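Encoded as structure tokens, the structure appears first; notes follow it.
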Amino acid sequence: MIVDSHAHYDDEQFDTDRADVLKRIQEQDIVRVVNPASNLSSARKCIELSEAYDFVYCAVGIHPHDSQEYSQQSLEIIRKMAEHKKVVAIGEIGLDYHYDFSPRDVQKQCFAAHIQLALQLELPLIIHNRESHKDILDIIKAEKGYNAGGVFHCFTGSVEMAKEVLDMGFYIALGGAVTFKNAKRPVDVAKYVPIDRLLVETDSPYMAPVPYRGKRNDSGYLSEIIQKISEIRNTDFNDIAMNTTQNANRLFGLNL
Ligand code: NI
């Protein structure tokens, strides 16, 4: 029993074979998938997927890449969508200073507004952070985002950053990066995170783990990530699978 805490099956890369992939991954022991949205139209697709597939849950929100879509109006649409019973989080939201697809001040406003929404709706946050460590922590503190709780997805920060995030009560999700040949930080973090605060994810269709790096990713490859983490932590596959599944169920209120 494995939960993929972050995958994007609404992505167009699955347009030709989505149903096949979703059927196959269930046969590969994936019992739950949390599918975060990236913008409004993606959020609609995510909800449709969660309606069509019992084992798919979703999050709604505007990704930093798309934060130019953010307005009072779009936030109200997100609020309405979040009432759906399969919506278990607000996400994915955050800051991305690597690509800077949206101006930074717009990204910051969009992120802060989503934190306020999550607090009002009592939903956890799914946070995307790329090269924006200081600002992301500053905004979370200013908006009291730690009261909403949530997860730092695809965590690639240092152990020091992990400590700060864990001290605020957040979970840390590790993905394909932990398997990469030159992975140093994710490996250190995989050792460091307490077992009851760790999640696993694929971020499909991106970030496929070794030995599939560069290919389209899907939740079937999550076992490679769990295997690697279990080696790093000197434990067995089932220990990581069981604990990360329990953690995802607790954070997102999934029923199993
Ligand atoms: Ni993502």
Side-chain angles (χ1 to χ4, degrees), residues 2-15 18 21-22 25 30 32-47 49-50 56-67 69-70 78 81-82 86-102 107 110-111 114-115 118 123-133 136 150-157 165 170-180 186 189 198-209 212-222 224-225 244 248 251-252:
I2 309 174
V3 175
D4 189 348
S5 68
H6 194 115
H8 300 280
Y9 287 110
D10 57 299
D11 193 282
E12 62 186 12
Q13 289 188 50
F14 293 107
D15 280 355
R18 184 173 289 109
V21 173
L22 287 167
I25 64 172
I30 302 294
R32 294 284 183 269
V33 170
V34 178
N35 194 128
S38 23
N39 54 43
L40 287 183
S41 70
S42 148
R44 280 184 202 101
K45 283 190 211 161
C46 295
I47 289 178
L49 277 175
S50 75
V56 175
Y57 289 75
C58 63
V60 292
I62 302 171
H63 191 284
H65 288 343
D66 291 318
S67 53
E69 226 185 52
Y70 163 67
I78 303 267
M81 287 177 167
K86 296 294 287 289
V87 173
V88 295
I90 297 297
E92 66 181 273
I93 56 172
L95 304 173
D96 192 313
Y97 293 175
H98 178 76
Y99 289 107
D100 275 326
F101 285 156
S102 298
Q107 293 190 41
C110 180
F111 182 44
H114 279 83
I115 292 175
L123 286 171
L125 309 165
I126 296 177
I127 298 169
H128 172 106
N129 164 41
R130 193 135 182 225
E131 294 169 25
S132 51
H133 296 358
I136 212 141
V151 56
F152 273 68
H153 114 85
C154 205
F155 192 86
T156 50
V165 160
F170 288 100
Y171 289 74
I172 284 181
L174 295 175
V178 80
T179 69
F180 294 172
V189 169
L198 180 67
L199 299 180
V200 287
E201 64 165 66
T202 56
D203 203 15
S204 298
Y206 313 104
M207 291 285 285
Y212 308 102
R213 196 172 177 181
K215 287 190 176 180
R216 186 185 73 174
N217 199 4
D218 69 55
S219 307
Y221 296 151
L222 191 55
E224 304 291 336
I225 294 162
T244 54
L251 174 63
F252 297 118

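Nothing here was measured: the structure is a model prediction, and the numbers come from that model. We count ligands from 1, going down the list as the structure has it; atoms in each ligand are counted the same way.
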Indicate the ring-plane relationship of His114 and Tyr70, choosing parallel, tilted or perpendicular according to the 30° and 60° boundaries.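 If you compare the ring of His114 with that of Tyr70, the planes turn out tilted.
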
Evaluate the ring planes of His128 and His65, with Trp represented by its six-membered ring, and classify them as parallel (under 30°), tilted (30 to 60°) or perpendicular (over 60°).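 Ring orientation, 0 to 90° scale: perpendicular.
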
Could you grab the distance from atom CG of Leu123 to atom CD1 of Ile90, nearest 0.5 Å is fine?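 Reported to 0.5 Å precision, the distance equals 5.0 Å.
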
Heteroatom of Asp203 nearest to the Ni ion (ligand 1) (N, O or S, atom name):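 Of all N, O or S atoms belonging to Asp203, OD1 is the one nearest the Ni ion (ligand 1).
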
Shortest-distance N/O/S atom, Glu92 versus the Ni ion (ligand 1):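 Per the distance ranking, Glu92 contributes OE2 as its closest N/O/S atom to the Ni ion (ligand 1).
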
Phe252 side chain reached by Arg32 side chain, heavy atoms, under 4.5 Å: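 Heavy-atom side-chain distance check fails, nothing below 4.5 Å.
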
Taking N, O or S atoms only and a limit of 2.8 Å, check whether His8 reaches the Ni ion (ligand 1).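 An N, O or S atom of His8 is closer than 2.8 Å to the Ni ion (ligand 1), so yes.
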
Suppose we only count N/O/S atoms under 2.8 Å; would His153 qualify as near the Ni ion (ligand 1)?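 So His153 does not count as coordinating the Ni ion (ligand 1).
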
